[in-house]
Amino acid sequence: MVGATAGIDGLPAIRKGVERGERTAVPMIAHGVHVGTLETFHEKAPVPEERAALKLLARQVAILAESLRLLDLHKEHAAMETRLREVRRELVESRSG
């Protein structure tokens, strides 16, 4: 392999090496959700074992990316719940005072 690009949807792509030669693109999909694409560049076409390893790597990165996205959503949800409780408390205090 002479180069690679990992692109997670919504984030800048990470590039290493050079983009020349045979290009192999593998979608990164986790739980049916497309999260990005892994591209590799080779002097010659990758053998089946290399393609299988790339697919496995793409799947692992996809699962990690989707897990981080879900964690961010969970944190956002928790912050919204906290703010809602604060607003409710303020409303109750304003009505009783």
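Below, all heavy atoms of this structure are taken into account, side chains as well, without hydrogens, waters or symmetry copies.
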Closest non-hydrogen atom pair between [X] and [Y], with its separation:
X: Pro46; Y: Glu50; value: CA-OE1, 3.1 Å
X: Lys44; Y: Glu22; value: C-CG, 3.6 Å
X: Glu19; Y: Thr5; value: OE2-OG1, 3.0 Å
X: Gly7; Y: Met28; value: O-CE, 3.5 Å
X: Val35; Y: Ala65; value: CG2-CB, 4.3 Å

Checking the side chain of [X] only, and the main-chain atoms of [Y] only, is there a donor and an acceptor separated by less than 3.5 Å?
X: Arg59; Y: Ile29; answer: yes
X: Gln60; Y: Leu57; answer: no
X: His34; Y: Gly36; answer: yes

Enter the distance from [X]:[atom1] to [Y]:[atom2] here, rounded to the nearest 0.5 Å.
X: Leu70; Y: His77; atom1: CG; atom2: NE2; value: 13.0 Å
X: Thr37; Y: Asp9; atom1: OG1; atom2: CG; value: 6.5 Å
X: Lys75; Y: Leu71; atom1: NZ; atom2: CG; value: 4.5 Å
X: Arg51; Y: Thr24; atom1: CZ; atom2: OG1; value: 5.5 Å

Decide whether [X] and [Y] are clustered together by the hydrophobic rule: side chain heavy atoms of Ile, Leu, Val, Met, Phe, Trp, Tyr closer than 4.5 Å, transitively.
X: Leu11; Y: Val33; value: yes
X: Leu56; Y: Ile63; value: no
X: Leu54; Y: Val2; value: no

Item to check | Heavy atoms from other residues, nucleotides or ligands near CD1 of Ile14 exceed 12 (cutoff 6.0 Å) | outcome: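 Atom CD1 in Ile14 is not crowded, with 12 or fewer foreign heavy atoms closer than 6.0 Å.
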Checklist entry - Is there a side chain to side chain contact (heavy atoms under 4.5 Å, CB included) between Arg20 and Phe41 once you walk through the steps? => result CA-CA 6 Å; Arg20 70 160 194 262; Phe41 299 88; 5.9 Å; no
Checklist entry - Under a 4.0 Å N-O cut-off, is there an ion pair linking Glu66 with Arg69? => result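 Looking at Arg69 together with Glu66, the answer is yes, because their closest N to O distance falls below 4.0 Å.
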Next on the checklist: Run Glu86 and Arg89 through salt bridge (charged side-chain N to carboxylate O under 4.0 Å, His left out) and show every step you take.
Outcome noted: CA-CA 5 Å; Glu86 290 171 358; Arg89 183 185 47 79; 5.9 Å; no
Checklist entry - Can you check side chain to side chain contact (heavy atoms under 4.5 Å, CB included) on Val87 and Arg83, steps first, answer last? => result CA-CA 6 Å; Val87 169; Arg83 181 63 186 137; 3.6 Å; yes
Next on the checklist: I'd like to check Thr40 versus Val26 (side-chain heavy atoms, cut-off strictly below 4.5 Å). Are they in contact?
Outcome noted: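 Not in contact.
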